[in-house]
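Notes to accompany the following structure.
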Amino acid sequence: MYSPAVSVRKFQKLIITVALTGNVPTKSMNPNLPVTPVEIAEDVARCYALGARVFHVHARDENQRPTLDLNKFRAIVREIKARCPDAIVQLSTGARAGKDPEARCNVVRLRPEMGSFTTGSNNLAKGIYENDPAFVLKLAKVFRETDVKPEIECFDFGHITNAIFLRDQGILKSPLHFNFVLGAAGPAAGTGANLAHMVASIPEGSTWTATGTRFTQFPMAMLAMAMNGHVRVGCEDYIFMPDGKTPSSNADIVRLVVQTAQNMGREIATVEEAREMLGLPPAYKDRILPMLDPTADLMLAGVANPAPWSEANMVVTLRKAKLSSPALAINQRGKKLRAADDDYLTPSFGESPFPVPAVLRQALADAAGENSYLPCQGTLELREAIARSTAAQLGTPELTANNVIVSIGTKMIIQMLVQLIDAEFLIPSPCWVSYVPMCEMHGRKYKLMPTTARTHWKITPEQLDEMCLSDASPDLPIKRRAMIFTSPGNPTGTSYTRAELEALAPVMRRHQILVISDEIYSPIMHPGSAHASLGAADLHHDLTIPISGLSKGFGAGGWRMGFAVVPNALGFLVPKINEMISTCYSCVPAPLQKAALAVFRENPDPSIALYIQKTSAIMGALGRVCYEIFNQAGIVCAPPTGGFYIAVDFAPFRDRLAARGVRTGTDLCEGLIQDKHVIMLPGEAFSTPPSSLLLRFCMVDYNGQAALDAATSVEAINEDFVRKHCPRCILAAQRIAEYAQE
């Protein structure tokens with residue numbers, strides 16, 4: 001039987017936004033206009049019950065004048081959440097309440113689910129609504145950094161173009177949400193043609209709302225509903241109903257919109273459906289609540305918590321795993337072989353050959369009677385000293401004791417951060433043996449970034465940018481990533497120069513990469529090299545956590561005393577780490593914390609500086625000698641500039657080694673043990689492929705105390721000095737070179 005085709009349009013569910021108060025209307029215009037926090041919140045409750053889901057909020061002061069005072073916004077939101085905890089709050093950043101750029105940005109830093117964002121200026125009938133390009137860019141970055149969803153208010157067509165440009169630059173995150181504000185005196189008129197053109201101009205996948213100002217409020221609302229869009233209505237945009245009467249509240253306007261929508265066959269979205277349609281994470285619903293405390297103002301200073309690093313994104317996941325360190329295992333094997341035969345040489349384990357400085361040993365002895373439990377984060381005195389020292393190095397005077405966490409060695413604090421941070425980790429390789437196991441233990445995704453001797457085992461800005469862009473998408477232009485960054489490097493012995501970090505920092509900022517900066521070897525910079533940190537004020541300070549301790553630079557590996565310096569923008573991590581310390585080990589031993597002050601106090605004993613100069617000079621001279629031995633033998637390596645190590649690559653000898661049955665780094669280590677009595681650690685332990693022929697050479701197999709005693713001055717330490725006082729280390733390098741050439 002013939003049946004005529006019937007075309008039925010499927011409407012999406014309707015999201016109703018209410019602009020409750022605005023900046024212009026007054027109670028003299030409409031006595032029912034809500035202006036106090038309680039009036040606004042009660043109006044929200046009435047509108048929410050009828051079906052409105054998003055509430056566009058302006059604040060007024062005691063004289064009912066527009067204001068950007070955060071405490072006024074806090075009072076309004078507090079009242080709204082008390083009555084409608086599920087309502088979607090959208091705070092206004094409009095310039096009519098004040099033109100101070102920082103005050104407008106701070107409204108977004110309160111972390112509402114949404115905020116208004118006008119991407120250009122407007123010539124209005126009575127003046128200019130100003131949003132200059134510099135401010136638009138600044139505010140866009142704050143939206144990205146806080147992960148607040150912007151409602152892009154477009155009063156004219158160019159505002160759409162500006163928003164698309166910001167999206168294409170990776171500053172605004174797709175999908176975008178637009179609000180076409182039509183009918184104001186000056187910008188685009190409230191006509192169906194203008195609305196249709198605007199809708200046709202936005203990127204595919206965007207959501208949109210229409211606002212009709214003045215007498216176009218209801219015509220624009222009906223047009224938007226007919227075009228399958230969403231609507232914004234309210235007393236901000238027009239203080240009269242279609243019949244010319246003033247509404248008793250915003251609920252009268254919402255009620256009429258709901259009735260019209262029902263007559264057109266448009267269902268009203270639930271608040272859960274509205275969040276899903278607008279791309280609002282459910283976990284963000286209550287993000288604003290901690291910010292309602294007036295003492296939270298400090299969290300607003302400078303750059304706020306960047307988008308990927310908001311507290312709502314932090315997930316603690318502990319997975320059971322039994323992982324052992326290959327470095328510790330090879331060290332134990334080396335000790336057994338050495339005990340049986342002193343001819344075995346052990347450039348395998350990265351333990352300082354030098355004694356703990358005498359002044360540190362004495363400080364520990366003096367503190368031996370300290371037997372009380374201390375604050376989990378560390379003593380205030382020690383944290384203040386570390387903060388002062390770090391601030392001087394980085395040029396970050398804002399650092400205080402609150403930024404510092406004292407931990408059981410650096411390994412523990414790095415592991416806690418990996419456990420806390422839910423992100424994809426980028427790890428330049430070769431890397432320290434524990435980074436990848438830490439990620440695997442806690443179920444963290446990671447990507448290795450291979451480096452070569454050509455770049456001195458360092459990543460390049462181009463390499464980092466390419467990796468970040470390779471899996472970017474319009475839906476997720478800024479992926480949540482962290483990097484475990486080491487300088488000076490282990491196992492490489494190379495360090496990043498200031499110029500190299502200046503080139504890397506903009507890429508890290510662009511992709512919002514959180515950096516765990518392992519700087520444990522930074523006290524041991526070889527002569528001619530200087531330590532540089534991404535935590536410097538003018539580099540990547542807000543997202544860099546520098547980590548160091550006493551283990552390497554002060555010969556105190558067994559003391560297990562490390563620390564992290566957490567920038568203010570990541571300050572929410574500090575209490576979480578304190579909770580973990582409280583659960584795991586309570587505190588770093590009291591005598592150690594007392595003794596560590598000898599290093600970090602404002603005017604340390606001069607012997608500390610001399611100790612650092614001598615040990616660095618010995619390592620530098622020894623590094624030059626060993627590098628030349630390897631280089632002359634044709635082994636691929638880079639000159640060491642800090643720390644204890646040289647990464648040596650036998651790749652040029654691959655074919656000759658394969659003929660002897662040596663095809664992997666592990667095979668190579670076994671060959672050196674059997675043929676040359678040299679114990680090394682293979683590149684596979686440092687996250688290079690098994691086929692890699694890279695090994696780590698540790699410049700530690702000598703009597704460090706004797707070398708220090710023999711160094712009557714720093715100037716006396718040269719290549720002849722280390723040949724005399726570090727013979728076993730140089731002999732190991734010579735045996736490795738012989739093995740390559742045989």
Donor-acceptor contact below 3.5 Å, side chain D605 vs main chain I608: no
Flag, side chain of T451 to backbone of S429, donor-acceptor distance under 3.5 Å: yes
Worked check of side-chain contact (heavy atoms from CB on, under 4.5 Å) between D649 and I635: CA-CA 6 Å; D649 190 352; I635 298 171; 5.6 Å; no
Are side-chain heavy atoms of L708 and I618 found at a separation under 4.5 Å? yes
Flag the pair R498 and E502 as a salt bridge only when some basic side-chain nitrogen lies within less than 4.0 angstrom of an acidic carboxylate oxygen. yes
Within the structure provided, determine whether Q415 and V418 are in side-chain contact (heavy-atom separation under 4.5 Å). no
Test item: V404 and Q377 side chains (from C-beta on) under 4.5 Å apart, heavy atoms: no
So do I730 and Y702 actually touch side chain to side chain, heavy atoms under 4.5 Å? no
How close do G395 and A537 get, heavy atom to heavy atom, and via which atoms? O-CB, 3.1 Å
State whether the side chain of N403 and the backbone N or O of V565 hold a donor-acceptor pair below 3.5 Å, judged by distance alone. no
Between F644 and Y521, does a side-chain contact (heavy atoms from CB on, under 4.5 Å) hold up when you go through it step by step? CA-CA 8 Å; F644 303 162; Y521 292 96; 3.9 Å; yes
Side-chain heavy-atom pair M438, S434 within 4.5 angstrom cut-off: yes
Any donor and acceptor pair, going by atom type alone, linking the side chain of T486 with main-chain N or O of G489 inside 3.5 Å? no
Is the number of heavy atoms from other residues, nucleotides or ligands under 6.0 Å of E381 CD greater than 12? no
Indicate whether any N or O donor in one side chain lies under 3.5 Å from an N or O acceptor in the other, for Q393 and S389. yes
With K458 as the cation and Y496 as the aromatic partner, state whether NZ or CZ is under 6.0 Å from the six-membered ring centre and within 45° of the axis. yes
Can a donor-acceptor pair be found, under 3.5 Å and without considering hydrogens, that links the side chain of S616 to the backbone of I612? yes
Looking only at atom types and distance, does a side-chain atom of R361 sit under 3.5 Å from a main-chain N or O of V356, one as donor and one as acceptor? yes
Contact check, side chains of L420 and L573, non-hydrogen atoms, under 4.5 Å: yes
Quick test of your reading of the model: are R509 and D542 salt-bridged, counting only N-O distances below 4.0 Å? no
One thing to verify: whether E351 and K552 come together as a salt bridge, which I'm taking to mean a side-chain N less than 4.0 angstrom from a carboxylate O. no
Counting only N and O atoms by type, is there a donor-acceptor contact under 3.5 Å from the side chain of T688 to the main-chain atoms of G683? yes
Can you measure from OG (S687) to CD1 (I427) and round to the nearest 0.5 angstrom? 6.5 Å
Distance-only donor-acceptor check, side chains E519 and S533, under 3.5 Å: yes
Is the shortest heavy-atom distance from the side chain of L464 to the side chain of L426 under 4.5 Å? yes
For S551 and R560, run side chain to side chain donor-acceptor pair (under 3.5 Å): C-alpha distance rounded to whole Å, both residues' side-chain angles, the deciding distance at 0.1 Å, then the answer. CA-CA 7 Å; S551 296; R560 313 308 303 138; 3.3 Å; yes
I'd like to know whether the aromatic ring centres of F354 and F554 sit less than 6.0 Å apart in this structure. no
Within the side chain of R444, is there an N or O that forms a donor-acceptor pair under 3.5 Å with the backbone of C439? no
Step by step, would you call I547 with L417 a side-chain contact (heavy atoms from CB on, under 4.5 Å)? CA-CA 11 Å; I547 292 172; L417 288 167; 3.9 Å; yes
Would the distance check show the side chain of R480 and the main-chain N or O of I513 forming a donor-acceptor pair, the cut-off being under 3.5 Å? no
Whether T455 side chain and T452 backbone form a donor-acceptor pair below 3.5 Å: yes
Less than 3.5 Å apart, any donor N or O on the side chain of N490 or R696 sitting next to an acceptor on the other? yes
Looking at R388 and E602, is there a salt bridge between them, counting it only when a charged N and a carboxylate O are closer than 4.0 Å? yes
Is it true that atom NZ of K676 has more than 12 heavy atoms of other residues, nucleotides or ligands lying nearer than 6.0 Å? yes
Output yes when K445 and D422 qualify as a salt bridge under the 4.0 Å nitrogen-oxygen rule, no when they do not. no
With no hydrogens and no angle check, just 3.5 Å: does a side-chain donor-acceptor pair link T641 and S495? yes
Test of ring centre spacing under 6.0 Å for Y435 and F425: no
The test is side-chain contact (heavy atoms from CB on, under 4.5 Å); show your working for L469 and E466 and say whether it passes. CA-CA 5 Å; L469 292 173; E466 183 179 353; 5.9 Å; no
Just by distance, no angles: are the side chains of H541 and E398 close enough, under 3.5 Å, to form a donor-acceptor pair? yes
Evaluate the ring planes of F721 and H725, with Trp represented by its six-membered ring, and classify them as parallel (under 30°), tilted (30 to 60°) or perpendicular (over 60°). tilted
For T410 and S548, which heavy atoms make the closest approach, and how far apart are they? CG2-O, 3.1 Å
Could you tell me if the side chain of P567 sits less than 4.5 Å from the side chain of T544, heavy atoms only? no
